Amino acid sequence: MSGKRLGLEFYDRDTLEVAKDLLGKLLISEKGGERKVVRIVETEAYLRDDPASHSYRGETKRNRSMFKGPGTLYVYTMHRQNCMNVVTKRGEAVLIRAAEPVENVSGNTRGPGRLCRALGINRAEDDGKSLLSSDVYLLDDGFRPEDVVQTTRIGISKAKDRPYRFYVKGSGYVSKR
DNA sequence: CTTCAGATCCCCT
DNA sequence: GGGGATCTGAAGA
């Protein structure tokens, strides 16, 4: 497993571009001394002027990580599940919805809550971490998905019509097709 | 202080 | 395919 850790120049771009480019990248967690690796197959973008985004009403205690700058990890809890996001520009982020297991991963990685559980990601320990310099990060090993689909997001009640969801066509690990 | 909705998951039918 | 679990944070009074 070789590749290059994604740097600031990757995250500091248009959020929709980042969401699309995250597909096929490796997500690594080295928490607990074990190196867990998955390949991202599904993402959703949440913008600043976006009623469905946590940042829509400005910075709050919960979403403060979304304003810490490109390459920050934003983890939040809902319904007893954790969901992880990659922050791009201030107040914008990409939700990692699903991935396929690559190395040292047992359990389901289909769906944001299950993915976090499989990787051992949780809000108390990981919210606000930097993907540029911590034990959770992204890697580009040169792999590029053949076919990417752009469509509407899942599980939200506002701005349902915006095509901010991306997934790898044909992957059996996408949370919904 | 109280209310309530939520970027989900799991189990039941 | 639908509802309940059962927690957190934000909004409303």
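The chains referred to below are lettered A, B, ... by the order of the sequence lines, with proteins before strands, and numbering in each begins at 1. This one's a predicted model, so the numbers in the text were calculated from it and none came from an experiment. In what follows, every heavy atom counts, from backbone to side chain, and hydrogens, waters and symmetry copies are set aside.
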Nucleotide B/dC9, atom P - distance to CG of A/Leu115 in whole Å: 9 Å
- line: When rounded to whole Å, the CZ to C1' distance for the pair A/Arg97 and B/dC9 reads 12 Å
Closest to the A/Gln81 side chain, choosing from C/dG9, B/dA7, B/dC9: B/dC9
For atom CZ of A/Arg80 and atom C1' of C/dA5, their distance in whole Å: 9 Å
- request: Just name whichever nucleotide pairs with C/dG1, Watson-Crick or G-U, keeping both distances under 3.5 Å, else none.
  value: B/dC12
message: Tell me the interatomic distance from A/Lys160, atom NZ, to B/dA7, atom P, rounded to whole angstroms.
response: 11 Å
task: Have a look at A/Thr60 and say if it touches a base, only the backbone sugar-phosphate, or nothing, with a 4.0 Å heavy-atom cut-off.
output: sugar-phosphate
- prompt: Between A/Arg114 and B/dC10, does any side-chain N or O lie under 4.0 Å from OP1 or OP2?
  reply: yes
statement: Note: A/Ile156 and A/Lys158 closest approach over all heavy atoms is CD1-O, 3.3 Å
query: When the distance from CG of A/Asn108 to P of B/dT8 is rounded to whole Å, what number comes out?
result: 15 Å
message: Between C1' on B/dT8 and CG on A/Asn122, what's the gap in Å once rounded to a whole number?
response: 16 Å
field: Donor-acceptor under 3.5 Å (A/Arg5 side chain, A/Leu132 main chain)
entry: yes
query: Starting at CG of A/Asp127 and ending at P of C/dG9, how long is that distance when rounded to a whole Å?
result: 10 Å
Whole-angstrom distance between B/dT2 and C/dT6, as gauged at atom P: 23 Å
- prompt: Looking at A/Ser157, does any N or O in its side chain come under 4.0 Å of the phosphate oxygens OP1/OP2 on B/dG6?
  reply: yes
task: For A/Met78 and for A/Lys61, find the nucleotide of DNA chain C with the closest heavy atom, then tell me which residue's nucleotide is more 5'.
output: A/Met78
- line: Any strand, both distances under 3.5 Å, Watson-Crick or G-U wobble: B/dA7 pairs with none
query: Under 5.5 Å between ring centres and under 30° between planes: does that hold for A/Tyr46 against the base of B/dA7?
result: yes
message: What contact category does A/Ile156 fall into here, base, sugar-phosphate, or nothing, at under 4.0 angstrom with non-hydrogen atoms?
response: sugar-phosphate
field: Name of the residue among A/Val174, A/Leu115, A/Val168, A/Ile96 meeting side-chain contact (heavy atoms from CB on, under 4.5 Å) with A/Glu42
entry: A/Val174
message: Taking the C1' atom in each of C/dG3 and B/dA5, what is the distance between them to the nearest angstrom?
response: 16 Å
query: So, are A/Arg35 and A/Glu30 salt-bridged, with charged N and O less than 4.0 Å apart?
result: yes
- prompt: Which is true for A/Arg57 with a 4.0 Å heavy-atom rule: it touches a base, it touches only sugar-phosphate, or it touches nothing?
  reply: sugar-phosphate
message: With side-chain hydrogen bond (donor to acceptor under 3.5 Å, both in side chains) as the test, pick out the partner of A/Thr88 among A/Asp14, A/Asp12, A/Thr15.
response: A/Thr15
- prompt: Within the structure shown, what part of the strands sits under 4.0 Å from A/Arg64 by heavy-atom distance: base, sugar-phosphate, or nothing?
  reply: nothing
field: Geometric cation-pi criterion, A/Arg110 with A/Tyr173: 6.0 Å, 45°
entry: yes
- prompt: What is the distance, rounded to the nearest whole Å, between atom NE2 of A/His79 and atom P of C/dA5?
  reply: 11 Å
query: Would one find a side-chain N or O of A/Arg117 under 4.0 angstrom from OP1 or OP2 of B/dC10?
result: yes
